[in-house]
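Sequence positions, counted from 1, serve as the residue numbers for this chain. First listed ligand is number 1; within each ligand, the first listed atom is number 1.
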Amino acid sequence: MPYPLSIKLPEASKEEDCDNDSAHRRFSISSTPGGLGSRLQLPSRPVSLTDEEAALHELGYGPNLSLTPSFSTSRVERLLRERQLRRSNSLYNLESRENRPIKQPGDDAAAGGASGVGRGGADGRRARAEEGPVTGIKFESTGALSAKHVREKQRLLVVANRLPVSATRKGESSWALELSAGGLVSALLGVRQFETRWIGWPGVNVQDDKGQKSLSSALEEKGFIPVFLDEETVDQYYNGYCNNVLWPLFHYIGLQQEDRLAATRSLQSQFSAYKRANRLFAEVVLSQYQDGDVVWCHDYHLMFLPKFLKEANSRMKLGWFLHTPFPSSEIYRTLPLRSELLKAVLTADLIGFHTYDYARHFVSACTRILGLEGTPEGVEDQGKLTRVAAFPIGIDSERFIKALETDMVRSHIQKLRGRFAGRKVMLGVDRLDMIKGIPQKLLAFEKFLEESPEWQDKVLLVQIAVPTRTDVHEYQRLTSQVHEIVGRINGRFGTLGTVPIHHLDRSLEFHELCALYAITDVLLVTSLRDGMNLVSYEYVACQNTKKGVLILSEFAGAAQSLGAGAILINPWNISEVAASIEDALTMKEVERKERHRHNFMHVTTHTAQVWADTFVSELNDTIVEAELRTLRIPPWLPLEKAVEKFQESKNRLLILGFNATMTAQVEAPGRRGPDQIKEMKLRLHAGLKDAFNVLCMDPKTTMVILSGSERSVLDEAFGEFNMWLAAENGMFLRHTQGEWMTTMPEHLNMDWVESVQLVFDYFCERTPRSYVEARETSLVWNYKYAAPYRQAIVKTTRFNITASIQMLNLEGFRHETCCNIYGLVQSQMLL
Ligand SMILES: O=P(O)(O)OC[C@H]1O[C@H](O[C@H]2O[C@H](CO)[C@@H](O)[C@H](O)[C@H]2O)[C@H](O)[C@@H](O)[C@@H]1O
Ligand SMILES: O=c1ccn([C@@H]2O[C@H](COP(=O)(O)OP(=O)(O)O)[C@@H](O)[C@H]2O)c(=O)[nH]1
C-alpha cells in the first residue's frame, strides 16, 4: 500500500476561496438559496452505506449498487468497473502470494534472466541487452475472475530521461545496444506485469535521418522508443539544468561560490533547454499514446512533461514519480523559477515519492510557495486534487537470488574467496557522485585503521566507483579528490603485499557484482542524501548465506525501510562511522542473523513489481475518485438559462455578497499576489457600478447586499445605490433611503469580546500579516494575507483558538457564540 500523507486537517470550507474568478463564481452560486444548489439536490443518502457506496448512490447508482446509473456516466461506469476488477484481481494475487513461500537460494536451478552488465560508454555502466524486450507479456488468468474478465495487460508508457539501453553506432545503419545500469533501470526492468513501452533518450547524438530511422527500428524491437536530443540541448538540459541545478538542490548540496555564480548566469538558457527537451519528450509520448494507456513519467528531468501532456490530452492517466529526495521547502524555495516547476508537476493525477518525508516536503512547498491547500490526500487547487503519496521502490530480488546459483557467479565467488582469504572484506558500490559521500567513507575507514592498528592487515575496503555524468565539472573535481584520498590512505597503511583500499573507477559485470555482494562481510553506504539506494537492497538479497552487516546512512531513503536490520550512521560524523565499522566487523553471528532476517524479509516482499503495481493501481483509483468528485461538484450556472429566467420573472430578489465577491483584487505592480494595504479597504469593483445602477433602478428587481462587514463599510460602498444593505451578516438592516434597523436581541451578551480578543491577539502576534477586526457584534481574525503560513495556521491555530476559547468557559458563551463560529473559513475566523 502507498503510505498516505497523514496531515489531518479539519474540513476547510471552500466558501471563501474567492481569490480568483472561478471560485468567486462558484461562491455566488452555492450561496443562493433555492437556486441551483436545490435544483441539483442529490438523492438522500441511505443509512448504513460506506462512503464509497454512498458516493455511488449519490452518483445515481441504485441502492443495490449495481453499476446501472440513473443517468449517463459511461466513462465513470467504465472506470468503476475497472476498479472492481483490479480489486478482485489484487485480492487474488494477495491470496496466492501468501500461499507462496519466499524462494531461497538453491530452490531453483540456474537463473535464466540475469543479465550480464558490461563496461564501456561514457558512464561505464552498461551491459549487453540480453534480457530481451520487456514488452508483450500477457495477463495470466487469475482464476478469481470469470473468463470474460480476463483481458490484455494494461499498456504502460514509462517515460524517463534515459532508455534502459545506450546505443553505440557501428555503421551507417547498424547499432549495438547495451543495457544501462542504475537504480531506476534496475527497478523498472523488474516490472513485468504491464505491457510496457519505454520512452527516453538513447544516450547518443544522432542527427541524420538514416541513423535515426535505423536506431528507432532497432529499439522498437525491444519496446523502446527514442527521443532524439541534439548535443546543445543535452548539454544545457541534462548536464546543465538537471545535473548542475536540480540534482544538487534536491540533495541539499551547495555549489561552490564561483560555480553558483556561473550557474546563475546560464540559468535562463538552461531552463529554456529544459522546457524544450520536455516538449520533445511530450511529442514522442503523444505519438505513441493510445486511449486507456497509463503514462508514468519519471524523475526530476521531466517535471514539465505532465503539463505538456495534459494540455494535449486532459483525460490521459498520468503519474509522476521522483527518484531523488524532495528537499525541505526552505531549500526548494531558493530555486529561481520554483513555482513554474511545481505547477507543472501538479497537473499529474498522482505524484509519488520514495518516502513519506519527501512527500511531506513537496506538499509544504506547494502550500508555502503556491499558497495551495495541503490535504491528507495531496494538494488541492480550486477543487482539483493532485494525489501525493509515498511508494518506496524495491528491486527484482529473485533475479539476484537466482543469479547466485549460476555457474558464472559461483566460480567468481570461489575466485574472490581465494583472493581475499584471511581478511575481512568491506564493500562500497556507488556512482562516483557527490551525494554518495565517498570521501567521507574513505576518511572514516582511515580513522578506523588509525584507531585500530590490529585491523590494519586484516581488513580491506573494495570501492566500486562507477563513473557518471563525466561532462559535468563538479563530477570531474570529485574524481580527483577521491583518487587523492585513496592514494594517501594506501600509501599510509599499505604494505608490500597488501593495500587497504581496492578502488575501481568502473562498473562491474552483473555476475561480478553479485559475487562481490555475496562474499563481503560489510556493505558501507555513506550517502549524504540518496533517494532510496538500491545497492543496499541488492546486497541484502545476496547475503542469505553469509549474513553480512549493512552500515547505512540515515540520509538514504533506504534507511526508512532497512533501518531495523542496518547499523544506521550519520556520514558526516567520521568517528561514529569508524566506530560502526568496528561494531560490524566484530558483530556476533546471532545478531547478524537477526538483523539480516528483518532486511531480507523486506527486500523480498517489497519488490520492484509490487512498487509498480501499487503505483499504477493507485493511479487508476485516483482517476476513478477524481471522476466521482467531479460529478459531485455542482456544474457552472448555465448563464443563458439564468438570463432567460431572469427576464421572464416579474419580481426578482437578488442577494449578493460583498467581500471577495464584488471587491477588486488590487495587484501591486512587480509583486506577486494581492497588495494587502490597498485591499484592506474594501471597494466595490469599478466594473460593476454601471450594472448596479441599472439593476437598482429597475422596479422589478430588489437588490440586497448581505455581508459580514460593518454598517459604515456598506454605507460607503453602496450608499449611492437604491438598494437594501444587511451588515454583520444580517444583524443590521436598512434601505439606503432609510435608517439602520437592528435584528439584535435587546440585551445581547457582548461580555465575551474582551476575553476572546485576548486569544485572537495572542495568535495574531504570532502570525505575520494577519490582523484582528473588532466589529459591532463580532470579532474577526483575518489571515488571508499570511499565505506562506496558511498551512500551519489551518492545522494548528484554528484548533488552538477553538480550544482556548472553549477553555474560557464564559457564562452563556458556548451557547451563543459557538453557533456563531460559522466563519471558520479559509482566510478568516469569525466569532
Ligand atoms: O542516468 P544518470 O544521470 O547516470 O543517473 C542514474 C540515475 O540516478 C538517479 O537514481 C535514483 O534512483 C534510484 C532508484 O529509484 C534511487 O535508488 C537513487 O537513490 C536515486 O539516486 C536518478 O534519479 C535517475 O534518474 C538516474 O537515471
Ligand atoms: O557496476 C555496477 C554498479 C552498480 N550497478 C547498479 O547501479 C544501481 C545503483 O542504484 P542506486 O539506487 O543504489 O543508486 P543510483 O546510482 O541510482 O543513484 C544498482 O541497481 C546497481 O546494481 C551496476 O549495474 N553496475
Taking only heavy atoms of Tyr238 into account, list the atoms of ligand 1 that are under 4.0 Å away from them.
-> 1 (O), 2 (P), 3 (O), 4 (O)
Contact atoms of ligand 1, heavy-atom distance to Thr468 under 4.0 Å = 4 (O)
Filtering His323, Met532, Arg529, His301 for the heavy atom nearest atom 11 (C) of ligand 1 leaves His323
Option nearest atom 2 (C) of ligand 2 (shortest heavy-atom distance, choices Leu508, Asp396, Leu504) | Leu508
Any N or O of Ile464 closer than 3.5 Å to N or O of ligand 2 = no
Atom indices of ligand 2, in the order listed, that fall short of 4.0 Å to a heavy atom of Ser507 = 1 (O), 2 (C)
Out of Asn533, Thr324, Asp299, Val535, the nearest non-hydrogen contact to atom 17 (O) of ligand 1 is supplied by Asn533
Using a 4.0 Å heavy-atom cut-off, say whether Tyr537 meets ligand 1 through its side chain, its backbone, both or neither.
-> neither
Number the atoms of ligand 2 from 1 as they appear, then name those within less than 4.0 Å of a heavy atom of Val429, with their elements.
-> 3 (C), 4 (C)
Short N-O contact, Arg506 and Glu512, less than 4.0 angstrom = yes
Ligand 2 versus Glu538, non-hydrogen atoms closer than 4.0 Å: side chain, backbone, both, neither?
-> side chain
Do the charged groups of Glu474 and Arg477 touch, with an N to O distance under 4.0 Å?
-> yes
Are the charged groups of Asp433 and Lys436 less than 4.0 angstrom apart, N to O?
-> no
Looking at Asp530, which atoms of ligand 1 are within less than 4.0 Å of one of its heavy atoms?
-> 18 (C), 19 (O), 21 (O)
So, do Trp201 and Tyr238 have ring centers that fall under 6.0 Å from each other?
-> yes
Between Lys317 and Asp349, is there a salt bridge with N-O shorter than 4.0 Å?
-> no
Side chain, backbone, both or neither: which part of Lys436 has a heavy atom under 4.0 Å from ligand 2?
-> side chain
Below 3.5 angstrom, do we get any N/O pair linking Val466 and ligand 2?
-> no
Numbered atoms of ligand 1 (with element) below 4.0 Å of Arg162, judged on heavy atoms | 1 (O), 2 (P), 4 (O)
Any heavy atom of His298 under 4.0 Å from ligand 1? The part involved is neither
Cation-aromatic face contact Arg279/Tyr274, 6.0 Å, 45 degrees | no
Number the atoms of ligand 1 from 1 as they appear, then name those within less than 4.0 Å of a heavy atom of Leu534, with their elements.
-> 14 (C), 17 (O)
Look at Glu330 together with Arg333 and state whether they make a salt bridge at an N to O cut-off of under 4.0 Å.
-> yes
Near Asn533 (heavy-atom distance under 4.0 Å), the atoms of ligand 2 are 12 (O), 13 (O)
Would you confirm whether the ring centroid of Tyr537 sits within less than 6.0 angstrom of the ring centroid of Phe600?
-> no
Logged contact type for Ile393 with ligand 1, heavy-atom cut-off 4.0 Å, is side chain
Are the aromatic ring centres of Phe308 and Phe304 under 6.0 angstrom apart?
-> yes
For Leu215 and Val204, run side chain to side chain contact (heavy atoms under 4.5 Å, CB included): C-alpha distance rounded to whole Å, both residues' side-chain angles, the deciding distance at 0.1 Å, then the answer.
-> CA-CA 10 Å; Leu215 179 55; Val204 61; 4.1 Å; yes
What atoms of ligand 1 come within less than 4.0 Å of a heavy atom belonging to Gly531?
-> 19 (O)
Would you check if the distance from the ring center of His354 to the ring center of Phe321 is below 6.0 Å?
-> yes
Short version for Val535: what comes under 4.0 Å of ligand 2, heavy atoms counted, is both
Mind running side chain to side chain donor-acceptor pair (under 3.5 Å) on Tyr517 and Glu538 for me, showing each step along the way?
-> CA-CA 8 Å; Tyr517 281 149; Glu538 294 168 3; 2.7 Å; yes
Are any of the heavy atoms in Trp201 under 4.0 Å away from ligand 1?
-> no
So is there a nitrogen or oxygen of Arg431 less than 3.5 Å from a nitrogen or oxygen in ligand 2?
-> yes
Which ligand 2 atoms are under 4.0 Å away from a heavy-atom of Leu513?
-> 22 (O)
Going by the atom numbers of ligand 1, which of them fall below 4.0 Å from some non-hydrogen atom of His354?
-> 15 (O)
Phe353/Tyr358 aromatic ring centres below 6.0 Å = no
His251: partners by ring-ring contact (aromatic ring centres under 6.0 Å, His included), with sequence neighbours left out = Trp247
